[in-house]
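Before any comments, here is the structure.
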2 protein chains.
Amino acid sequence: MAPRPNAGTKGVPRADREQEILRVASVAFGTDGFAATGVADVARAAGISKALVYSYFGSKEGLHAACLAEAGGLLAAEIERVARDGSAGVERGVRTLAAMFAVLDDRRHLWRLLRDPSAAVDGPAAEVVARYAARIEALAREGVLELLGDAGITDELDVSAMVRTWLGIVDSFMDWWVAHPDQDAGEMTRRVARLVTALAADHTRRLAARTPRREDAAP
Amino acid sequence: MAPRPNAGTKGVPRADREQEILRVASVAFGTDGFAATGVADVARAAGISKALVYSYFGSKEGLHAACLAEAGGLLAAEIERVARDGSAGVERGVRTLAAMFAVLDDRRHLWRLLRDPSAAVDGPAAEVVARYAARIEALAREGVLELLGDAGITDELDVSAMVRTWLGIVDSFMDWWVAHPDQDAGEMTRRVARLVTALAADHTRRLAARTPRREDAAP
DNA sequence: ACGATATGACCTCCGGGTAAGTTACCTCAG
DNA sequence: CTGAGGTAACTTACCCGGAGGTCATATCGT
């Protein structure tokens with residue numbers, strides 16, 4: 001029979017429990033969003049009571065902040081690593097995506113944590129997310145500046161729009177990936193490469209059509 | 001002095017009031033999302049009582065559905081128009097964006113309505129949003145199929161991922177646009193064209209670097 | 001036995017939804 | 001012309017359920 005309620009579980013070290021709660025909470029927040037996730041849901045999924053979650057993390061915001069700190073550190077570190085490898089332009093973007101696929105293969109929901117539109121805009125958690133999100137956005141901006149600079153574009157608004165778009169592209173791939181759990185990181189990387197190539201091919205084709213060599217006859 | 005409460009307002013036709021509520025609600029839902037918007041907020045912004053909103057639209061979902069039907073019809077019609085103009089590939093994407101900027105110049109929040117992650121996934125409103133969102137996604141898929149087909153890609157997963165990414169790109173530009181109210185539709189269109197050109201230029205540069213004519217010396 | 005740990009029951013507030021009351025307009029008998 | 005009564009529009013005040021947060025109590029390890 002099931003152990004009776006309140007059965008002490010001292011056998012499990014507190015640190016492990018905290019880790020387990022964080023894991024479960026990250027999945028929940030990252031999948032359903034901060035607003036749509038209840039503390040009771042997290043507690044049930046972790047197999048403990050709601051009160052214990054509060055005893056560990058103080059508040060829903062505190063729990064959120066703890067999740068964010070973990071995810072933010074992981075992601076920012078990885079993106080910074082790619083930023084230092086010397087690639088640039090679209091190439092750098094593809095490499096960044098590849099690195100993120102590799103790191104997040106078994107924790108795909110983590111990306112959503114830092115880019116959750118339903119997260120509170122103020123409070124302690126917002127401070128944490130702001131720190132990491134700003135760090136990640138700074139890296140994105142660095143890449144975009146390089147890319148656009150090479151094309152002669154320095155307008156601040158262009159840069160800002162492109163950064164937003166780049167982050168949106170990453171969002172999209174992550175969402176698609178979450179919806180396709182059977183796809184592993186390697187497949188995702190190859191897929192992105194394929195799609196980028198296809199876009200480039202379209203560009204080439206467009207150029208060719210604009211400067212036709214011969215056959216121009218109207219049908 | 002202010003008109004006393006309950007002062008009859010028969011002077012305002014009911015249809016106009018409904019329109020006003022829809023306008024206000026669309027802004028609220030589109031800006032803050034469905035979940036984060038309260039019926040009381042909408043009522044206050046429209047200058048009427050919460051109960052009147054219920055008397056007109058039955059429920060929060062009913063109000064949402066009414067907003068969605070309006071926005072969905074407008075957007076789907078416009079995208080269909082572009083789909084029929086014969087353009088293809090990236091060119092078609094740029095034209096679609098341009099058309100949407102033109103249509104949404106003074107109602108930028110409408111796009112968010114159809115792509116609101118906080119909207120209910122079932123219920124009457126979900127049915128409406130599903131109809132229009134599916135229609136818009138079908139058009140996106142049509143464009144992507146063309147683009148990828150020309151590049152020799154027919155894999156269903158590639159197509160699906162690219163559709164998701166395309167919608168994400170539109171999302172991004174709309175979000176950026178909402179955050180930059182001073183930018184008009186024409187400026188947005190030119191900005192997109194500029195950014196696409198810059199990406200293409202990066203591609204060209206990459207090709208050139210891969211087949212170097214001369215200088216290859218290691219530093 | 002005692003402190004640390006964990007819990008069920010409880011409080012409170014917020015937001016969707018409703019019912020009853022209030023006002024304004026219209027109509028028609030006198 | 002006028003005012004009593006009917007009706008539609010509108011609002012205030014309330015209900016209720018759900019989620020964040022708290023606390024006295026029960027259990028476990030020592």
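In what follows, every chain begins at residue 1, and chains take the letters A, B, ... in the order their sequences are listed. Bear in mind that the values here come from a model prediction, so they are computed numbers and not experimental data.
When the C1' atom of D:dA9 is taken as reference, atom CZ of B:Phe57 falls 15 Å away, rounded to whole Å. Across the protein-nucleic acid pair, B:Lys60 atom NZ and C:dG16 atom P stand 4 Å apart, rounded to whole Å. One atom, OH of B:Tyr54, and another, C1' of D:dC15, lie 13 Å apart when rounded to the nearest Å. What separates CD1 of A:Ile48 from P of C:dA6 is a distance of 8 Å, to the nearest Å. The separation between A:Phe34 atom CZ and D:dA19 atom P is 14 Å, rounded to whole Å. The interatomic distance linking A:Glu20 (CD) with C:dA6 (C1') rounds to 16 Å, in whole Å.
Side-chain atoms of B:Lys50 come within donor-acceptor range of the base of C:dG17, with a qualifying N/O pair under 3.5 Å.
Contact annotation for A:Tyr56: backbone-only contact, meaning every heavy-atom pair under 4.0 Å involves sugar-phosphate atoms and none involves a base. A:Ser59 comes within 4.0 angstrom of sugar-phosphate atoms only, judged by non-hydrogen atoms across all strands, and of no base.
In this structure, the nucleotide among D:dC10, C:dA6, C:dG17 sitting nearest to the side chain of A:Leu52 is C:dA6. Relative to the side chain of B:Arg17, the nucleotides C:dG16, D:dC10, D:dG21 differ in distance, and D:dC10 lies closest.
Under 4.0 Å is where a charged nitrogen must lie from a carboxylate oxygen, and between A:Arg23 and A:Glu20 at least one such pair does. Comment: A:Arg92 does not engage A:Asp85 in a salt bridge, judged by the lack of any side-chain N to carboxylate O separation of less than 4.0 angstrom.
The 5' end of DNA chain D is approached more closely, in terms of each residue's nearest nucleotide, by A:Ala40 than by the other of A:Ala40 and A:Ala51.
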